[in-house]
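We use all heavy atoms of the structure for the numbers below, so side chains are in, but hydrogens, waters and symmetry mates are not.
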Amino acid sequence: MREKLERLTRLVGSDPGFYVLALHAFVEHYLRDVVRASDAERFSDLVWDYRAALMEESAGEFVEGLHCLTALARQHRFTNAVRHAFEELDPEEAAAATHLFIVFCTLTGIQALPEVRMLQGSLELWNRRTTIGEQSRVLRSVQAELAGLQRKNEALLNRLSDYQKNEHSLAELENRIERVTLELETVRGREREKDSRLDELRHQRAALREDRRVLQRQMAGYRDLERYIRSMGRLSMYTRTRLDYERTLKRLTPEQVEAVDGVGEGVDTLIRGTAGTGKSLVLIEALRRRLEVGELDFGPEPASAAKSPAQRELLLTFTRTLVKYQDYVAQVLGLPAVRSLVKTVDTFILERMQRIDSTYRFDFASVQQAVQELNSTGFLTDGELAAEIESFLFANVVTREEYLEEVIPRAGMRRRLGRARREVVWEIREAVAARMRESGAFSRNYARVLILDFLGRAEPREVAALRDVRTLYLDETQDLTSGDLLVLKSLVTGELVMAADVQQSIYGVNSPFVRAGIQITGRTRVLRTNFRNTRQIAEAAVRFAGGGIGSATGADDAPGAAPTDGAASTASTASAASAVAFREGAEPELHTADTAQDLLPLLVAKVRLFLDHLGYEPETLCILTPHNDEVTNVSRALEADDTATAVISDAAFSFTGGGAVRVSTLHSSKGLDFPVVMLYLPYIRRREQFDAETTERLLRNLVYVGMTRAMENLSVFVVSREDPLLQDVVRALG
C-alpha cells in the first residue's frame with residue numbers, strides 16, 4: 001500500500017486529470033482489496049456500501065470525515081470523463097481532490113503514513129500553479145458553458161423527467177444485453193440444442209441492440225441537459241470541496257482572530273460584518289477563550305448561592321432555531337462547554353421574570369387581543385395601534401414625558417400623530433399594560449419594561465438575584481430592540497459582546513444602540529472577508545441589496561443620528577459591498593413562471609436534479625419560502641415526489657439529522673447556512689404596521705438574508721408579477 005501511495009506522490013504537479021484519476025484508483029483498490037468493503041462493481045456503489053457499514057458501526061453517532069465518501073462518489077463521474085473522453089481537469093480541482101483524499105485517509109486510519117503527509121504538503125504546490133484570486137482557464141470555460149445553458153434552464157428542467165425515464169430505460173437495456181450476451185457465451189460451450197438456442201439468443205440480442213440505438217438517438221436530443229448537469233456538477237464539486245479544505249486549514253482567519261483579540265473585559269464590543277464573514281464563530285471563540293482560562297464556574301443553573309454573581313457567561317441568540325444551530329456548530333467544533341450556554345433572548349428574559357414572580361409568563365398575542373377591545377382611536381387600525389404600542393412604545397421603553405411632552409420621533413410608523421392623538425394612544429397603552437400586570441401574562445416587549453421597572457425599585461439583594469451573569473454574547477444583535485439591549489445591559493455585571501449586520505435587519509425599525517446607551521464608537525471590530533458564499537452568490541446578493549430602497553443605516557454607521565418622524569433611515573449598501581468573497585462557483589440561477597402552480601413543478605424538478613444527478617444528500621438542500629403556507633405547499637409537493645422533507649421550525653427538528661430536504665421560512669433561516677439554497681418566492685407579503693419605506697427595507701433585507709444562506713449554489717424561483725421587489729430580484733439575477 002505504501003508503494004502505491006508513493007506512486008501517487010510522484011504524480012503531484014503532473015497532469016491534474018490523470019492525477020485525480022489515480023487518487024480514485026487508489027480509493028477503489030483500498031476499499032475493494034484491503035478492507036473488502038463490498039463486491040459492488042460500480043465505484044459509487046462501493047463507497048456507498050462502505051459508508052453504510054461505517055454508519056451502522058457508529059450506531060448513529062457523528063463520524064468525522066464521512067462526508068468524503070459522498071463527495072468521492074460525485075467526483076468519480078469527472079474521472080470517467082478523463083478516462084473515456086480525455087477531458088482536462090484544473091489544478092484547483094486537483095487540490096480539492098487531494099484534500100478529499102486526505103480526509104478519506106483519515107477516515108480509514110492511514111493518515112499517519114509518511115506518504116499521506118507528503119500529499120498533504122503537496123496542496124501548496126497545486127495551489128501555486130494558479131495565481132491567487134485568478135480563475136483558471138479550465139474553470140472559466142466550465143463557468144462560461146454553464147452560464148450559457150442556464151439561460152435555458154426552464155426548458156431543461158421540463159425535460160428532466162423524460163430524460164430520467166430514458167436514462168433508466170437505457171440502463172435496463174444495457175443490463176439485458178449483458179445478460180443475453182453471457183447466456184450466449186454459455187450456450188456456445190454446450191453441444192446439445194446449440195444451433196436453435198444460439199440463433200434465438202442472437203436475434204434477441206440484435207433486437208435489443210437496435211432498441212438501444214433508437215434510445216441513444218433519442219438521448220442525443222438531451223445533450224444540452226447532459227452538459228448542464230455535467231457543468232453544474234463539476235463546479236459544485238470543486239466549490240464544495242474547496243470550502244471544506246479551507247475550513248480544515250484553520251478554525252479562524254487572522255481577521256477573525258484579531259476580532260476575538262479585540263474583545264476585552266469590562267468593555268462592550270460590537271463584531272460587525274456582512275453575511276458569511278464568521279461573526280458567530282468569533283462569538284463562540286471569544287466565549288471558548290473565557291472558558292479555557294478557567295475563570296468561570298459553569299453549573300447547570302446560575303441561581304446557586306454558592307456562585308459569585310460575576311461568574312457566568314451566556315451566548316444568546318434571536319430564535320430557537322439559532323439555538324439549535326449554535327449547539328450544532330459547537331458540537332462540530334468539539335466545544336461541549338459552549339453547548340450548554342446557548343439560549344434565546346426570550347428564554348433568558350423569561351427566567352428573570354419568573355425570579356420576580358414564578359407565575360409570570362409570556363403571551364405574545366396579549367397586546368393584539370387587548371387592542372381589539374380597547375381601540376377607540378378612530379385614526380389607527382388595530383394592527384397599527386398594536387404596532388405603535390408593542391413595536392414602538394414598549395420596544396423602545398418610551399416614557400410618557402418623551403411621547404407626549406418631547407414628541408419623540410416615531411421612525412418607520414405608518415401615520416403621523418400629533419399631541420392630542422398621542423394622548424389617546426398613551427391612555428390605551430396604560431390600559432393594555434394594566435391588563436398584562438393583572439393577568440401575569442406579558443408581551444415580548446413589555447416584559448423588558450417590567451424588568452427595568454423592577455430593577456429601578458427593588459432592594460439590592462433582589463437586584464443581585466437577577467444580575468448573576470458577567471458577560472452576554474449576543475448574536476444577530478441588529479434584530480434586538482433598544483428595550484432588549486437596555487434590559488440585557490442592566491442584567492450583566494460586566495459587558496456585552498455583540499455580533500451584528502445591519503444589512504440583515506429584518507425586524508427592527510431603528511438601530512437600538514444609541515437609545516440603549518451602549519457606546520460602540522471605537523469598540524467595533526469589522527470583518528471584511530466572506531467565507532460562506534461564492535463570489536457569484538455574494539455579488540448577486542449585493543446587486544439585489546442595492547437595487548432599490550435598500551438596507552438600513554445602523555447606529556454604528558451614524559452614531560447619535562435621530563431619524564425624522566415617520567421616516568426610515570436612508571439606504572446604504574456600503575456594508576454589504578465591503579465584504580470580499582473569493583471562492584468561485586456557479587452563477588445563481590433564476591427560474592420564473594406566471595403562476596405558483598407553474599413554478600412549483602420547476603422547484604421539484606430542480607430538487608430532483610440535485611439529488612439524482614448531482615449526488616447531493618437531501619439534508620444539504622434547503623428551500624426558503626416567504627410564509628408558513630408555502631412551507632406546507634412545498635413540503636407536500638416534494639413528499640408527492642417521494643422526497644422526504646424536514647421543517648426547520650418544528651420542535652423535533654435537529655441539524656444533526658439527515659435524509660430529508662430542509663424547508664423553512666425566510667425569517668427562520670437567519671444565521672444559518674446550507675450548501676444549496678432554493679429561494680421560492682411566488683409572492684412577498686407586506687405588513688401594514690410600518691410605513692412603505694420601512695416595509696420595503698425590511699423585506700429587501702429579508703430576501704438578502706435568504707440569498708446569503710447559500711454556500712455554493714443558489715436558485716431563485718419567482719412568479720412574474722408587478723411586485724417591484726420581485727422585479728429587482730429578477731434584475732439582479734437576470
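Although no hydrogens or angles enter the test, the distance criterion places a donor-acceptor pair under 3.5 Å between the side chain of D357 and the main chain of T359. Judged by distance alone, with hydrogens and angles left aside, the side-chain atoms of R444 form no donor-acceptor pair with the main-chain N or O of F364 at under 3.5 Å. A side-chain donor-acceptor contact under 3.5 Å links E495 to the backbone of G266. No donor-acceptor distance shorter than 3.5 angstrom exists from the side chain of N533 to the backbone of A581, with no hydrogens or angles considered. A donor-acceptor pair under 3.5 Å links the side-chain atoms of T695 to the main chain of D691, judged by distance alone. A donor-acceptor pair under 3.5 Å is absent between the side-chain atoms of T625 and the main chain of E630, judged by distance alone. Within the 3.5 Å criterion, the main-chain N or O of A499 finds a donor-acceptor partner in the side chain of T477. R290 places no side-chain N or O within 3.5 Å of a backbone atom of A286 that could act as its donor or acceptor partner. Between the E255 side chain and the R528 main chain, a donor and an acceptor come within less than 3.5 Å of each other. The backbone N or O of L496 sits less than 3.5 Å from a side-chain atom of D268, completing a donor-acceptor pair.
Residues T274 and T277 have side chains that never bring a donor and an acceptor to within less than 3.5 angstrom of each other. E476 and Q478 form a side-chain donor-acceptor contact under 3.5 Å, judged by distance and modelled atom types alone. For the residue pair N445 / S443, no side-chain donor-acceptor distance below 3.5 Å is found, with atom types taken as modelled. Using a 3.5 Å distance cut-off with no hydrogens or angles, the side chains of D629 and T632 do not pair a donor with an acceptor. Side-chain contact check for Y360 and R352: no donor-acceptor pair (N or O, by modelled atom type) lies under 3.5 Å.
Closest heavy-atom contact between G273 and D501: O-CB, 3.0 Å. Across all their heavy atoms, L624 and T665 have their closest contact at CD2-O, 4.2 Å. Contact record, S668 with L672: O-CD1, 3.6 Å, taken as the closest heavy-atom pair. In plain terms, the two heavy atoms of T269 and G262 that are nearest each other are OG1-O, 4.1 Å. In terms of heavy atoms, A458 sits closest to V463 at CB-CG2, 3.9 Å. Here the shortest heavy-atom pairing between N530 and A275 reads ND2-O, 3.3 Å.
Atoms CZ and CG, on R686 and D723 in that order, are 4.0 Å from each other to the nearest 0.5 Å. Atom CD1 of I356 is separated from atom CG of L455 by 7.0 Å, given to the nearest 0.5 angstrom. Rounded to the nearest 0.5 angstrom, L488 CG and R448 CZ are separated by 7.5 Å. The distance from atom CG of L452 to atom CZ of F454, rounded to the nearest 0.5 Å, is 12.0 Å. With values rounded to the nearest 0.5 angstrom, Q256 atom CD is found 10.5 Å from K279 atom NZ. Put simply, CG on L393 and CZ on R410 are 8.5 Å apart, with the number rounded to the nearest 0.5 Å.
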Exercise. Would D468 and R312 satisfy salt bridge (charged side-chain N to carboxylate O under 4.0 Å, His left out), going step by step from the backbone distance to the final call?
Worked result: CA-CA 7 Å; D468 60 344; R312 279 189 59 87; 5.4 Å; no
For this session: Check step by step if side-chain contact (heavy atoms from CB on, under 4.5 Å) holds for L474 and L485.
Result: CA-CA 10 Å; L474 305 179; L485 291 181; 3.8 Å; yes
Problem set entry | Worked verdict on I349 versus F442 for side-chain contact (heavy atoms from CB on, under 4.5 Å) | CA-CA 11 Å; I349 294 295; F442 304 100; over 6 Å; no
Exercise. Do V703 and I684 pass the side-chain contact (heavy atoms from CB on, under 4.5 Å) test, and can you show the C-alpha distance, the side-chain angles, and the key distance before you say yes or no?
Worked result: CA-CA 9 Å; V703 174; I684 286 288; 4.1 Å; yes
Problem set entry | Full working for side-chain contact (heavy atoms from CB on, under 4.5 Å) between D484 and T481 | CA-CA 5 Å; D484 287 326; T481 66; 3.2 Å; yes
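Contact check for V263 versus V260: no side-chain heavy atoms found under the 4.5 Å cut-off. Within the 4.5 Å cutoff, no side-chain heavy atoms of L450 are placed close to those of M436. Residues Y446 and V432 fail the side-chain proximity criterion, which asks for heavy atoms closer than 4.5 Å. You'll find the side chain of S482 stays beyond 4.5 Å of the side chain of V397, heavy atoms only. Within the 4.5 Å cutoff, side-chain heavy atoms of I389 are placed close to those of F394. Looking at S669 and V705, their side chains come closer than 4.5 Å, going by heavy atoms from C-beta outward. Taking the side chain as every heavy atom from C-beta outward, V282 and R525 never approach each other to under 4.5 Å. Looking at heavy atoms from C-beta onward, I408 lies out of side-chain contact with T399 at the 4.5 angstrom threshold.
A salt bridge is defined here as a Lys NZ or Arg NE, NH1 or NH2 lying under 4.0 Å from an Asp or Glu carboxylate O, and E384 with R421 fails to meet this definition. A salt bridge does not link R429 with E388: every distance from a Lys NZ or Arg NE/NH1/NH2 to an Asp or Glu carboxylate oxygen is 4.0 Å or more. A salt bridge between K670 and D475 is absent, with no side-chain N of the basic residue lying under 4.0 Å from a carboxylate O of the acidic one. Salt bridge annotation for E285-R289: present, with a cationic side-chain nitrogen under 4.0 angstrom from a carboxylate oxygen. A salt bridge links R419 with E423: the closest approach of a Lys/Arg side-chain nitrogen to an acidic carboxylate oxygen falls below 4.0 angstrom.
The distance between the ring centers of F655 and F653 falls below 6.0 angstrom.
Taking the six-membered ring where tryptophan is involved, the planes of Y403 and W426 are tilted, since the angle between them lies from 30° to 60°.
Contacts classified as salt bridge (charged side-chain N to carboxylate O under 4.0 Å, His left out) and involving residues 368-380 (residues at least two apart or in different chains) are given here: E373-R435.
Residue E405 places its CD atom among more than 12 non-hydrogen atoms of other residues, nucleotides or ligands, all under 6.0 Å distant. Dense packing is recorded around CD of E406, with more than 12 heavy atoms of other residues, nucleotides or ligands lying under 6.0 Å away.
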